[in-house]
Amino acid sequence: MYPADVKYTKNHEYLKPLGDGTALIGITHYAQEALGDVVFVDMPEVGATFATGEEFGTVESVKTVSEIFIPTACEVIEVNGELEGHPEFVNEDPYGKGWMLKVKVAGDLNPELLDAKAYEALVSAESH
């Protein structure tokens with residue numbers, strides 16, 4: 001449920017390193033499940049730069065609107081335009097078709113990112 005090749009934040013975003021200094025960013029399976037049916041995703045423009053932890057957009061579901069935060073300092077190099085017409089991809093395939101941003105990582109990854117095992121423990125603790 002939580003891919004091992006992905007890093008996680010305590011706020012339930014993920015960062016999937018692509019091995020060339022870039023990464024995909026989105027929200028985790030746990031987050032999309034908690035939100036319910038996603039109906040709109042508000043994302044930044046290509047070229048926007050963010051510091052670790054800054055808000056980069058919002059996800060609107062049938063239940064609520066939730067801010068989403070950047071997992072590590074980066075520059076946006078691509079936005080998943082498919083989500084404009086198909087926001088349900090976030091629910092159906094959060095680590096695949098539901099990615100939100102492709103970014104160029106600035107410097108080292110945020111050392112506070114969690115591996116899959118630590119994230120699963122966090123989610124388990126929050127679920128009880």
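Numbering starts at 1 and runs along the sequence shown.
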| task | Not counting sequence neighbours, which residues clear side-chain contact (heavy atoms from CB on, under 4.5 Å) with Lys63? List them please. | result | Ser61

| query | With sequence neighbours excluded, what pairs up with Glu112 under the side-chain contact (heavy atoms from CB on, under 4.5 Å) test? | reply |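 For Glu112 the side-chain contact (heavy atoms from CB on, under 4.5 Å) partners, ignoring immediate neighbours, are Asn110.
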
| request: Determine, step by step, whether Val59 and Val65 satisfy the side-chain contact (heavy atoms from CB on, under 4.5 Å) criterion, reporting the C-alpha distance in whole Å, the side-chain angles of both residues, the deciding distance to 0.1 Å, and the verdict. | output: CA-CA 6 Å; Val59 176; Val65 176; over 6 Å; no

| message | Working to the nearest 0.5 angstrom, can you tell me the gap between Leu113 CG and Asp115 CG? | response |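 It is 10.5 Å, given to the nearest 0.5 Å.
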
| Residue pairs passing the side-chain hydrogen bond (donor to acceptor under 3.5 Å, both in side chains) test where at least one lies in residues 83-105, sequence neighbours excluded | Gln32-Asn91, His86-Glu88

Do side-chain atoms of [X] reach the backbone of [Y] as a donor and acceptor pair under 3.5 angstrom?
X      : Y      : value
Thr64  : Ser66  : no
Ser127 : Val123 : yes
Asn11  : Glu13  : no

Between [X] and [Y], is any pair of side-chain heavy atoms under 4.5 Å apart?
X      : Y      : answer
Met100 : Ile27  : yes
Val79  : Leu101 : yes
Leu83  : Val90  : yes
Leu24  : Leu15  : no

| Verify same cluster id: Ile68, Phe89 (apolar side-chain graph, 4.5 Å) | yes

| query | Is there a chain of hydrophobic side chains (I, L, V, M, F, W, Y, each step under 4.5 Å between heavy atoms) that links Leu18 to Tyr14? | reply | yes

| Derivation and outcome, side-chain contact (heavy atoms from CB on, under 4.5 Å), residues Ile70 and Ile25 | CA-CA 8 Å; Ile70 211 79; Ile25 291 175; 3.8 Å; yes

Where is the tightest heavy-atom contact between [X] and [Y], given as atom of each residue plus distance?
X     : Y      : answer
Pro71 : Thr9   : CB-CG2, 3.6 Å
Ala4  : Ala116 : CA-CB, 4.0 Å
Thr58 : Glu67  : CG2-CA, 4.2 Å

| task | Sequence neighbours left out, what passes side-chain hydrogen bond (donor to acceptor under 3.5 Å, both in side chains) with Thr72? Give chain and number order. | result | none

| said: Suppose we screen for ring-ring contact (aromatic ring centres under 6.0 Å, His included). Which residues come up paired with Tyr119, at least two apart in sequence or across chains? | reply: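 Once residues adjacent in sequence are excluded, the partners of Tyr119 under the ring-ring contact (aromatic ring centres under 6.0 Å, His included) criterion are Tyr2, Tyr8, His12.
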
| task | Output, in order, the C-alpha distance, side-chain angles, deciding distance and verdict of side-chain contact (heavy atoms from CB on, under 4.5 Å) for Lys10 and Leu122. | result | CA-CA 8 Å; Lys10 292 178 182 174; Leu122 173 79; 4.3 Å; yes

| said: Is it true that, when you exclude Asp20 itself, more than 12 heavy atoms of the residues, nucleotides or ligands shown sit nearer than 6.0 Å to its CG? | reply: yes

Only pairs under 3.5 Å count here: list side-chain donor-acceptor contacts from residues 33-57, not counting sequence neighbours, and write none if there are none.
residue	atom	partner	partner atom	Å
Glu33	OE2	His29	NE2	3.4
Thr52	OG1	Ala73	N	3.0
Glu54	OE1	Ala51	N	2.6

